[in-house]
Amino acid sequence: KVNWRVLADRKHHVVLVIASGTSGEARPELRLREEWGITPRVYADNKPIEEIMEYLPPKPRRATRDGIELAIQEMNSKGAHVVASLEVDAGRAERAVIVAIGTSDATPTSEAAVQAEQEAIRRVRLAAKEGVASIERLHRQWWNEYWKLASIELPDDEYWQRFWYRQLYKFASASSESAPLVIDTCGPWIWKSGWAAIWWNLKLQRNRKSCNGMMAPG
């Protein structure tokens, strides 16, 4: 049996994954696995990759810097993102990995990769210096204070009570007063994008006046 928990640390902007196990799964190994950063539309259209290879970014490459594992993904024309991962001591027969994503929209892409790598490594090292126990304690403290600012009680409707807290959790996890991100209904954007926008498509249309699923006036 494997037990695991994940938290998004707001102080260092890293993801902390902590796992433990029993019997043959005691202290399970946690490793970073890279994925090719291409649109899933390629697979949905069922096209051979070879036909559109010239339009796709290069495949990610692996590297290691002072024990920190890296998955480096350069884009085609500009920008890159790098995922940095470091296993740290969690105690209590657990294993923990700190993960950070560094991004840059610089050109050339090789320079963007260097910038993104430096940013990801910097955050991982700061979090590792903080330590797992401290990160968890501060994380729980922040959440306990956050719930009190926007809590509602629906004692007769457990479904919507849980729904409310799930949405609150997702929004708070994807937003931070100190993160340089733009967030919309599609989620956080890692750099400036012409696609970012807000839709009101929660099926709350008035007088049946709607267009393309968006809220219509009147």
Side-chain angles (χ1 to χ4, degrees), residues 2-21 27-35 37 40 60 65 67-73 79-92 94-105 115-152 161-193 195-196 198:
V2 174
N3 298 305
W4 59 279
R5 60 189 186 277
V6 180
L7 63 88
D9 172 51
R10 302 177 68 86
K11 181 177 180 180
H12 304 292
H13 301 298
V14 298
V15 174
L16 178 62
V17 184
I18 305 170
S20 63
R27 292 181 59 81
E29 184 178 3
L30 303 174
R31 297 294 301 274
L32 176 68
R33 187 184 72 178
E34 73 277 14
E35 291 286 350
R65 305 280 189 266
I68 298 178
E69 293 189 69
L70 304 173
I72 304 168
Q73 175 69 71
H81 63 82
V82 175
V83 181
S85 171
L86 176 66
E87 183 172 339
V88 294
D89 181 29
R92 298 175 299 182
E94 294 180 321
R95 301 183 80 158
V97 168
I98 296 174
V99 180
I101 304 173
T103 63
S104 171
D105 61 353
Q115 294 179 7
E117 176 183 319
Q118 292 173 343
E119 174 63 19
I121 290 176
R122 182 186 68 84
R123 297 208 310 273
V124 164
R125 285 177 173 163
L126 287 173
K129 185 177 180 180
E130 175 90 27
V132 172
S134 178
I135 290 176
E136 274 205 282
R137 178 178 55 80
L138 294 174
H139 179 79
R140 294 179 185 277
Q141 178 181 324
W142 187 91
W143 275 105
N144 286 335
E145 295 174 354
Y146 182 78
W147 292 129
K148 298 174 184 177
L149 297 176
S151 63
I152 61 174
Q161 176 79 71
R162 293 166 62 94
F163 178 86
W164 165 261
Y165 282 120
R166 282 199 301 269
Q167 307 317 307
L168 200 62
Y169 183 88
K170 287 189 288 186
F171 178 79
S173 294
S175 63
S176 171
E177 61 277 7
S178 59
L181 299 176
V182 175
I183 183 171
D184 65 3
T185 46
C186 291
W189 296 81
I190 57 178
W191 53 61
K192 290 183 180 179
S193 168
W195 288 96
I198 294 292

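It should be emphasised that the depicted structure is a prediction, and the values quoted were computed from it without experimental measurement.
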Checking Leu32 against Val83 for the side-chain contact (heavy atoms from CB on, under 4.5 Å) test, could you report, in this order, the C-alpha distance in whole Å, the side-chain angles of both residues, the deciding distance, and whether it holds? CA-CA 9 Å; Leu32 176 68; Val83 181; 3.7 Å; yes
Determine, step by step, whether Val17 and Leu7 satisfy the side-chain contact (heavy atoms from CB on, under 4.5 Å) criterion, reporting the C-alpha distance in whole Å, the side-chain angles of both residues, the deciding distance to 0.1 Å, and the verdict. CA-CA 7 Å; Val17 184; Leu7 63 88; over 6 Å; no
Roughly how far, to the nearest 0.5 Å, is CG of Leu168 from OH of Tyr146? 4.0 Å
One pair to check against side-chain contact (heavy atoms from CB on, under 4.5 Å): Leu86 and Val97. What are the steps and the verdict? CA-CA 5 Å; Leu86 176 66; Val97 168; over 6 Å; no
Which of Gln141, Arg140, Glu136 passes side chain to side chain contact (heavy atoms under 4.5 Å, CB included) with Leu138? Answer is Gln141
side-chain contact (heavy atoms from CB on, under 4.5 Å) with Phe163: which residues, sequence neighbours excluded? Trp160, Arg166, Gln167
Spacing of CD belonging to Gln118 relative to OG belonging to Ser104, to within rounding of 0.5 Å: 10.0 Å
Tell me whether the count of non-hydrogen atoms from other residues, nucleotides or ligands lying under 6.0 Å of CZ in Arg5 goes above 12. yes
With rounding to the nearest 0.5 angstrom, report the CD1 to CD1 distance, Ile98 to Ile18. 9.0 Å
side-chain contact (heavy atoms from CB on, under 4.5 Å) filter on Arg10, not counting sequence neighbours, yields Trp142, Ala172, Ser176, Glu177
Pairing residues for Arg137 by the salt bridge (Lys or Arg N to Asp or Glu O under 4.0 Å) criterion, not counting sequence neighbours: none
Atom of Ala120, atom of Gly102 and distance for their closest heavy-atom approach: CB-N, 3.6 Å
Drop me the distance from Arg33's CZ to Ser85's OG, to the nearest 0.5 angstrom. 13.5 Å
In Å and rounded to the nearest 0.5 Å, what is the CG to CG distance from Asp9 to Leu126? 10.5 Å
Worked verdict on Arg65 versus Glu117 for side-chain contact (heavy atoms from CB on, under 4.5 Å): CA-CA 10 Å; Arg65 305 280 189 266; Glu117 176 183 319; 2.7 Å; yes
Sequence-distant partners of Glu119, side-chain contact (heavy atoms from CB on, under 4.5 Å), two or more places apart: Arg122, Arg123
So Tyr165 and Trp147, would you call those rings parallel, tilted or perpendicular, with 30° and 60° as cut-offs? perpendicular
Let me confirm one number: the NE2-NZ distance from His12 to Lys129, rounded to the nearest 0.5 Å. 10.0 Å
Can you list everything that forms a side-chain contact (heavy atoms from CB on, under 4.5 Å) with Ile152? Sequence neighbours excluded, please. Leu154, Gln161, Trp164
Return the minimal non-hydrogen interatomic distance between Ala127 and Ile135, and the atom names on each side. O-CD1, 3.5 Å
Selection residues 80-91 - residue pairs positive for salt bridge (charged side-chain N to carboxylate O under 4.0 Å, His left out), sequence neighbours left out: Glu87-Arg95
